[in-house]
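Shown next, in structure tokens, is the structure this report addresses.
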Amino acid sequence: MRELHTERLLLRTPRERDAAEIMAIRNSAFVMKNNVMKVLDKEQMVHLIHREIDYENTWYIERKEDGALLGMIAAEEDGVRFDVRSRCLSYYLGEQYTRQGYMKEALRAVLHELFTEEDLEVVAARVFTGNIASEKLLRSLGFVYEGCIRRCVRTSESEIRDDMQFSLLREEYFVQKNNFFEKA
């Protein structure tokens with residue numbers, strides 16, 4: 001996995017020494033309410049980090065200014081599409097880092113990597129209904145709403161949630177990218 005650099009961020013491979021910092025973000029009520037994850041202890045977090053390192057499609061988001069760990073992005077297997085070069089994004093930020101443009105900046109770098117270096121045809125993302133911030137973020141990046149999968153996921157608290165499915169096609173990404181540079 002390549003390190004990705006943006007103006008303010010370094011997207012990098014997870015490290016074992018990140019365990020306490022990323023665990024505090026990951027286990028927070030803010031992150032847990034919109035993700036299907038179980039609360040992890042330190043040992044479980046270290047084990048997960050080792051899996052993420054081996055998987056090679058997880059980036060931890062580090063702020064260049066001070067080295068603060070802000071969250072993560074993973075480009076996982078797309079369980080919806082068959083025989084199509086695609087990935088499904090999952091991501092989260094610590095609550096104190098939201099609404100500052102960090103995730104949009106990070107996702108732009110990841111999308112560039114996925115469409116140019118991995119030559120994907122589709123990048124997808126699933127968002128719980130009611131997660132307005134994430135829905136707006138995806139739409140601002142050019143993702144198209146494909147529909148809602150009702151009663152899709154049971155959370156660790158046994159709540160059943162609906163999932164909104166979004167996707168960005170390779171050709172849409174490059175049209176959008178070209179339009180962005182023409183305006184700049």
Subject >> CA sep, side-chain torsions, deciding dist, call: Arg161, Asn34, side-chain contact (heavy atoms from CB on, under 4.5 Å) >> reply: CA-CA 9 Å; Arg161 303 287 301 267; Asn34 286 309; 3.7 Å; yes
Original post:
Are Thr6 and Arg108 close enough that some pair of their side-chain heavy atoms sits under 4.5 Å apart?
Top reply: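 Not touching, per the 4.5 Å side-chain cut-off.
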Original post:
So do Phe30 and Leu93 actually touch side chain to side chain, heavy atoms under 4.5 Å?
Top reply: no
Original post:
Can you name the residues that form a side chain to side chain donor-acceptor pair (under 3.5 Å) with Arg15, not counting sequence neighbours?
Top reply: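 Residues passing side chain to side chain donor-acceptor pair (under 3.5 Å) with Arg15: none at all.
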Original post:
Only one of Glu3, Glu62, His5 clears side chain to side chain donor-acceptor pair (under 3.5 Å) with Arg12; which?
Top reply: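 For Arg12, the side chain to side chain donor-acceptor pair (under 3.5 Å) check succeeds only for Glu62.
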Original post:
Roughly how far, to the nearest 0.5 Å, is CD of Gln165 from SG of Cys88?
Top reply: 6.0 Å
Subject >> Rounded distance (nearest 0.5 Å) linking atom CG of Leu89 with atom CZ of Phe166 >> reply: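 Those atoms lie 12.5 Å apart.
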Original post:
Can you list the steps and then say if Arg81 with Glu121 is a salt bridge (Lys or Arg N to Asp or Glu O under 4.0 Å)?
Top reply: CA-CA 11 Å; Arg81 288 168 178 80; Glu121 296 170 285; over 6 Å; no
Original post:
Hey, mind stepping through His112 and Leu4 against side-chain contact (heavy atoms from CB on, under 4.5 Å) and telling me if it holds?
Top reply: CA-CA 10 Å; His112 178 78; Leu4 306 176; over 6 Å; no
Original post:
If you link I, L, V, M, F, W and Y whenever their side-chain heavy atoms are under 4.5 Å apart, who else ends up in the same group as Val84?
Top reply: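 When side chains under 4.5 Å apart are linked, the cluster holding Val84 also contains Val122, Leu169.
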May I ask you to decide if [Y]'s main-chain N or O and [X]'s side chain share a donor-acceptor pair within less than 3.5 Å?
{"X": "Asn27", "Y": "Leu40", "value": "yes"}
{"X": "Gln100", "Y": "Gln96", "value": "yes"}
{"X": "Gln44", "Y": "Asp41", "value": "yes"}
{"X": "Lys33", "Y": "Asn131", "value": "no"}
{"X": "Gln176", "Y": "Gly142", "value": "yes"}

Original post:
Do you know the tightest heavy-atom contact between Val123 and Phe143?
Top reply: O-CE2, 3.3 Å
Original post:
Within a radius of less than 6.0 Å around CD of Glu171, do more than 12 heavy atoms belonging to other residues, nucleotides or ligands occur?
Top reply: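 Enclosed: over 12 neighbouring heavy atoms sit under 6.0 Å from CD of Glu171.
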Original post:
Hey, is CD on Glu117 packed in by over 12 heavy atoms from elsewhere, all under 6.0 Å?
Top reply: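 More than 12 within 6.0 Å, yes.
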Subject >> Result of checking Thr13, Val110, Leu9 against Trp59 for side-chain contact (heavy atoms from CB on, under 4.5 Å) >> reply: Val110
**OP:** Applying side-chain contact (heavy atoms from CB on, under 4.5 Å), run through Tyr60 and Ile49 and close with a yes or a no.
**Re:** CA-CA 10 Å; Tyr60 280 16; Ile49 287 172; 3.4 Å; yes
**OP:** Show the numbers, then the answer: is there a side-chain contact (heavy atoms from CB on, under 4.5 Å) between Ser140 and Lys104?
**Re:** CA-CA 8 Å; Ser140 76; Lys104 187 171 189 174; 3.3 Å; yes
**OP:** Please name the residue in the list Arg63, Lys64, Arg8 that meets the salt bridge (Lys or Arg N to Asp or Glu O under 4.0 Å) test with Glu105.
**Re:** Arg8
Original post:
Are Arg26 and Glu52 within salt-bridge range, i.e. N to O under 4.0 Å?
Top reply: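 Here Arg26 does not pair with Glu52 in a salt bridge, since their nearest N and O are not under 4.0 Å apart.
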**OP:** Using the six-membered ring wherever Trp is involved, compare the ring planes of Tyr102 and Tyr97 and label them parallel, tilted or perpendicular (cut-offs 30° and 60°).
**Re:**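 Perpendicular: the ring planes of Tyr102 and Tyr97 meet at over 60°.
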Subject >> Residues in salt bridge (Lys or Arg N to Asp or Glu O under 4.0 Å) contact with Asp119, at least two apart in sequence or another chain >> reply: Arg85, Arg170
